[in-house]
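Take a look at the structure below.
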Number of protein chains: 2
Amino acid sequence: MIDPSADRAVFRQLADLLRSQIEGGELAPGEPLPSELRLAQEHGISRTTVRQAIGQLRTEGLVTVDRPRGTFVRVPEPVEVITLGRGELASARMPTDAERRTYRLGEGVPVIVITAADGSTAVHPADRVQVTRP
Amino acid sequence: MIDPSADRAVFRQLADLLRSQIEGGELAPGEPLPSELRLAQEHGISRTTVRQAIGQLRTEGLVTVDRPRGTFVRVPEPVEVITLGRGELASARMPTDAERRTYRLGEGVPVIVITAADGSTAVHPADRVQVTRP
DNA sequence: CAGCATTTGTACGTATGTATC
DNA sequence: GGATACATACGTACAAATGCT
């Protein structure tokens, strides 16, 4: 239950609840979350607060929004494994808004940046790429 | 200038503006952004909209908030390089709220997950760790 | 010490736009 | 056309923490 008098903010409590339903499998990958309006009514909170909770899950990469169809539990992408070349370094960071559109990244998906010895870089979506060694 | 009649949402225009000031060095690492109230007044928009813009920059890891002191351009962390062991895989994703607190991660900072051959995993903050091969 | 101003966080409400079904 | 659902943007109010007077 959501307790407005609790120490933890209401929108965080709702995010925790939905997250645990996702991690527990009650909300399976590809399934829609209840609509913002429904969640607001069911828990007796405002739609603004519901949106804050869903925003949290979006930044965590747990859900994706297909407007205006609904909000869905993210489906894992097939993963490609990339082998590091000699002198290459791999790092990760969040993309900017422009990069998100360029690489068609979902929200909450980091990019993996491979830097070669000569300083050139390659960018990969972190939900579709893993890195290994030879 | 911010144009409410433009195609791009107002909060995205403000995020673009601040981002370019950060990337251009006008707002240097460690420097505070103008307060939310100031930004709202200067651009003739509501504080709600300003907060959306700053929220965008937070998810990109460009700024950190030290409440209630202000919002600051993120200062780069010293980076440690980790060498992948035999059969290890590196991936990246966003941390959950709980992981953020456990590892004391700033907002907008992904984690790098190293999976060993036996399936065990280690988690590292992506702003302080890079990965290389032997 | 108390009191005040500043700044971000939370939560509410309303209205309108836009895309899908 | 109508209903649904998410996006954007405005407003208000109060809470909490910090720093200054």
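Every chain is numbered from 1, with letters handed out A, B, ... down the list of sequences. Computed from a predicted structure; not experimentally measured.
For D97(B) and R8(A), the salt-bridge test passes: some basic side-chain N is under 4.0 Å from an acidic carboxylate O. Salt-bridge annotation for E60(A) and R74(A): absent, with no side-chain N of the basic residue lying under 4.0 Å from a carboxylate O of the acidic one. Checked for salt-bridge contact, R128(B) and E80(B) miss the test: no charged N lies under 4.0 Å from a carboxylate O.
Between the C1' atom of dG9(C) and the CD atom of Q56(A) lies a distance of 13 Å, rounded to the nearest Å. Distance CD (E107(B)) to C1' (dG9(C)): 11 Å, rounded to an integer number of Å. In this structure, CZ of R51(B) is placed 15 Å from C1' of dT12(D), rounded to the nearest angstrom. At whole-Å resolution of the value, CD in Q13(A) and C1' in dG9(C) are 15 Å apart. As a whole-Å value, the separation of R47(B) CZ from dC10(D) P is 14 Å. Nucleotide dT7(C) holds its P atom 10 Å from the CD atom of Q41(B), rounded to whole Å. The interatomic distance linking L14(B) (CG) with dT8(D) (P) rounds to 14 Å, in whole Å. Here dC10(D) presents its C1' atom at 15 Å from CZ of F11(B), a figure rounded to the nearest Å.
With dC12(C), dG9(C), dT7(C) as the choices, the nucleotide that has an atom nearest any side-chain atom of T48(A) turns out to be dC12(C). For R69(A), whose side chain is taken as the heavy atoms from C-beta onward, the closest listed nucleotide among dT20(C), dT10(C), dA9(D) is dT20(C). Candidate nucleotides dA9(D), dC10(D), dC6(D) were compared by shortest atom distance to the side chain of R67(A), and dC6(D) ranks first. Taking every side-chain heavy atom of S46(A) into account, dA11(C) is the closest of dA7(D), dA11(C), dC10(D). Side-chain proximity of P68(A) to the nucleotides dT20(C), dT10(C), dA7(D) is greatest for dT20(C).
In this structure, OG1 on T49(A) lies 12.0 Å from NE2 on H43(A), to the nearest 0.5 angstrom. Q130(A) contributes atom CD, which lies 11.5 Å from atom OG1 of T83(A) (distance to the nearest 0.5 angstrom).
Checked by atom type and distance alone, the side chain of T102(A) pairs as donor or acceptor with a backbone atom of A98(A) at under 3.5 Å.
Contact check of residues 29-40 of chain B against DNA chain D (heavy atom, cut-off under 4.0 Å) returns no residues at all.
The 5' end of DNA chain C is approached more closely, in terms of each residue's nearest nucleotide, by D66(B) than by the other of T49(A) and D66(B).
As judged by a 4.0 angstrom heavy-atom cut-off over every strand, R58(B) is placed among residues touching the sugar-phosphate backbone only.
Distances shown here put a side-chain N or O of T71(B) below 4.0 Å from the OP1 or OP2 atom of dT8(C).
In the displayed structure, D7(A) atom CG is contacted under 6.0 Å by at most 12 heavy atoms of other residues, nucleotides or ligands.
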